2 protein chains.
Amino acid sequence: MTTSVRPPTKLSGQTREEDVMAIETPRHQPTLDEVAARAGVSRSAASRVINNAPHVSRAKREAVQRAVLDLGYVPNPTARALATNQVGAVVLAVSGDNPAMFAEPFFGQVIVGVNAVLEQTDLELMLVLATSSRGQAKLEQVLRNRQADGVMLMSLHGDDPLAGLADRSHLPVVFGGRPLTFEPKYYVDADNRGGARLATEHLIDTGRTRIATITGSLDEGAGAARYRGYQEALAIAGLGPERMEPGDFTEESGERAMTRLLERCPDLDSVFIASDTMAVGALRVLRDHGRTVPGDVAVVGFNDLAGARHTDPPLTTVHQPVEALGQEMGRMLLALMAGNDPSPLILPTRLVKRQSA
Amino acid sequence: MTTSVRPPTKLSGQTREEDVMAIETPRHQPTLDEVAARAGVSRSAASRVINNAPHVSRAKREAVQRAVLDLGYVPNPTARALATNQVGAVVLAVSGDNPAMFAEPFFGQVIVGVNAVLEQTDLELMLVLATSSRGQAKLEQVLRNRQADGVMLMSLHGDDPLAGLADRSHLPVVFGGRPLTFEPKYYVDADNRGGARLATEHLIDTGRTRIATITGSLDEGAGAARYRGYQEALAIAGLGPERMEPGDFTEESGERAMTRLLERCPDLDSVFIASDTMAVGALRVLRDHGRTVPGDVAVVGFNDLAGARHTDPPLTTVHQPVEALGQEMGRMLLALMAGNDPSPLILPTRLVKRQSA
DNA sequence: TTGAAAGCGCTAACAT
DNA sequence: ATGTTAGCGCTTTCAA
């Protein structure tokens, strides 16, 4: 009945504090001193046991362990952080101009991967959506204040300020994907260029000769790499001229680009599209223009989204191991934090053949 | 060239420490004592200014402010946390048996919403995927150790242990969605029951009389609520008997359920399906069985996923404001942490009419 | 209004 | 092997 300033957060107010005088009264987190007292040893001894450092007699070690168990002691991470200057957390920062972009399933998959490896450790995961200037400022705070022991950076655009931020922090940094303007020392990337080549070569192998492309944002690493893969495949096969129309990974841009492509190069017999999302838009435009797929025009997408199986016709596309990407980012960061010097990683992509090409 | 134990994390090793003797030498984070010294005041005075507490003369206040600016002082959050027992972070925990589930766009959207409101504050966002027992243990750690000042809990199943965990932590907790077994004091939910009624009533209004349903997991709040909405609409219209077949929100379960439904109730003229994902599977089964949509069978889904627009035919479905859900969860948690007593919230859903019904 | 001093809970250097 | 002693950087009594 008392109205306290602190929010009343019990879900079910069934037990009052006084009711329980039993052994289990976990209101108070025991401290290291209490453990030491209970075990009849000095605090440093207790500390040594807890961080299993050497120089502790077997007897004392066991006494401390018992006390820890009895008291249910858990070291206070904040105090430890203050003393060691290590906080026990890493941050995953996602760049981008549009916050909503983060809602794409891609990031969720990456997080699942990252989480899978972090789960094996005692590190916590902080998430920063550095999509607004406010978001960037927050990341800056986190890095400056060392609220994290390591950083993962994703989907940087052009000359993204985040790279500089992370660099200045002198924290271990791993990049997810390579920015355009420089090659980070530590990164995990999907083989976008190779995947695009695979896709284009598949078009070539199935007899197409007038192969167009709709690119993603060319100021992003992935967009540029996929475009280069297309160009390479064409060059190797001696199949110019290239027919390209830029998009920005959105469905609408896929529609617009396909429309323009149809105007500019009515003779095209196939198109490699740098994302499934754009491909969905492009398929609709093709249908509206009376072109059959894959009869008149073969289409290959990129990403292998869940929906790619259900387009009409089902989309042939390039699969990239997104969850593995997250896992490897996590592993690489752990390696870095352990003082190792891991190699950058490029994960293979593969073609998933369905009906559209 | 020196190989240190600490990972070398500079991206571009262009400047050596000695090179810069200029004003900008931000290697060392200034401490409060340094600010105080620079301003010629005591540490407590400086502290008061920084936390804009009263009892500081105008002169000193300004001196401190100048020193802060000069030195680029930022309080150390860890030290502050140790002293105040408030860490400046909140945790978003997602329950569920399958980690991969988190990859669904739903959670990304929620996070975008949560982030939008957290961005206005100095709070950091921690993410815990409590999908494995290890994940649950981590959440337990975080709560026990007070590594967060507040908790948001999502998609709890049946009698999820997370609820108890959060309760015992005595931290402010808000639920995203309502668990089945109890009604939390603070929650934000979408109007699942209302949405299901809307959907079913639409079927009724367009002349359907033999209306079936494919439910989601009935041990989840959303699944159960949508089923109840269907039942209510039928009851109000006097349109029994109900034709229901349980699913679990996955596409495969949608296929299976639709197949069984067609066997059990070959006369059905419409079906309300508790998720778009299941609806995709069901549409395929209907097509395979030669039933036209919406001619023979009208179909309404739930969620309004991005893909719902592109099914064949485009799916009529119930839209829920997912990003707003995240925002309101964030707001509610802030209110709780500020010592207020916010009301639980149910966000409206609405029917999006496309071609399938 | 002001400053001194005592913590917060832990780690680590040092002496024994 | 063990304990003592300083911190880590901040907040917060308390006395002046």
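Quick note: numbers below take in every heavy atom, side chains included, and nothing from hydrogens, waters or symmetry partners. Here is the naming used below: chain letters follow the sequence lines, and residue numbers restart at 1 for every chain. Keep in mind it's a predicted model, so treat the numbers as computed, not measured.
No donor-acceptor pair under 3.5 Å is formed between the side chain of B:K185 and the backbone N or O of B:V173. Of the possible polar contacts, none joining the B:N115 side chain to the B:I111 backbone as a donor-acceptor pair under 3.5 Å is found. The closest donor-acceptor contact from the side chain of B:K138 to the backbone of A:L118 lies under 3.5 Å. Listed for the B:N145 side chain is a donor-acceptor partner under 3.5 Å among the backbone atoms of B:Q141.
A donor-acceptor contact under 3.5 angstrom links the side chains of B:D160 and B:S95, judged on distance only.
Of the residues A:V110, A:V91, A:L125, the one that meets the side-chain contact (heavy atoms from CB on, under 4.5 Å) test with A:M152 is A:L125.
Heavy atoms only, all atoms of each residue included: A:P30 and A:Y73 are closest at O-CD1, 3.3 Å. Across all non-hydrogen atoms, the minimal contact from A:A166 to A:L143 is CA-CD1, 3.9 Å.
A heavy-atom distance below 4.0 Å to DNA chain C is reached by these residues of residues 68-79 of chain A, ordered by number: A:Y73, A:P75, A:N76, A:A79. Sorted by residue number, the list of members of residues 52-66 of chain A with any non-hydrogen atom under 4.0 Å from DNA chain C is empty. Heavy-atom distances under 4.0 Å link DNA chain C to no residue of residues 138-146 of chain A.
In this structure, CD of B:Q147 is placed 13 Å from P of C:dC10, rounded to the nearest angstrom. Atom-to-atom, CG of A:D33 to C1' of C:dC10 comes out at 9 Å; the value is rounded to the nearest Å. Remark: C1' of D:dT11 and CD1 of B:I50 are 11 Å apart, rounded to the nearest angstrom. The distance between atom CG of B:L82 and atom P of C:dA6, rounded to the nearest whole Å, is 18 Å. In this structure, B:N85 places its CG atom 11 Å from C1' of C:dG9, rounding to the nearest Å.
By the side chain to side chain contact (heavy atoms under 4.5 Å, CB included) test, A:T78 pairs with A:N76, B:T78, B:A81, B:L82, B:V87, sequence neighbours left out. For A:E34, the side chain to side chain donor-acceptor pair (under 3.5 Å) partners two or more places apart in sequence, or in a different chain, are A:H28. For B:Y187, there are no ring pair (Phe, Tyr, Trp, His ring centres under 6.0 Å) partners two or more places apart in sequence or in a different chain. Scanning for side chain to side chain donor-acceptor pair (under 3.5 Å) contacts around A:S42 gives A:S44, with sequence neighbours left out.
For the helix from C:dT1-D:dA16 to C:dT16-D:dA1, the axis fitted to the five pairs at one end and the axis fitted to the five pairs at the other end meet at an angle of 40° (nearest 10 degrees).
Sorted by first and then second residue, the pairs that involve residues 61-80 of chain B and meet salt bridge (charged side-chain N to carboxylate O under 4.0 Å, His left out), not counting sequence neighbours, are B:R38-B:D70, B:R58-B:E62. Pairs engaging residues 145-156 of chain A under the salt bridge (charged side-chain N to carboxylate O under 4.0 Å, His left out) rule: none recorded [sequence neighbours left out]. The salt bridge (charged side-chain N to carboxylate O under 4.0 Å, His left out) pairs that include a residue from residues 114-125 of chain A are A:D122-B:R134, where partners are two or more places apart or lie in different chains.
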With the criterion being N/O to N/O and under 3.5 Å, what pairs connect the protein with nucleotides 12-16 of chain D, and how long is each?
none

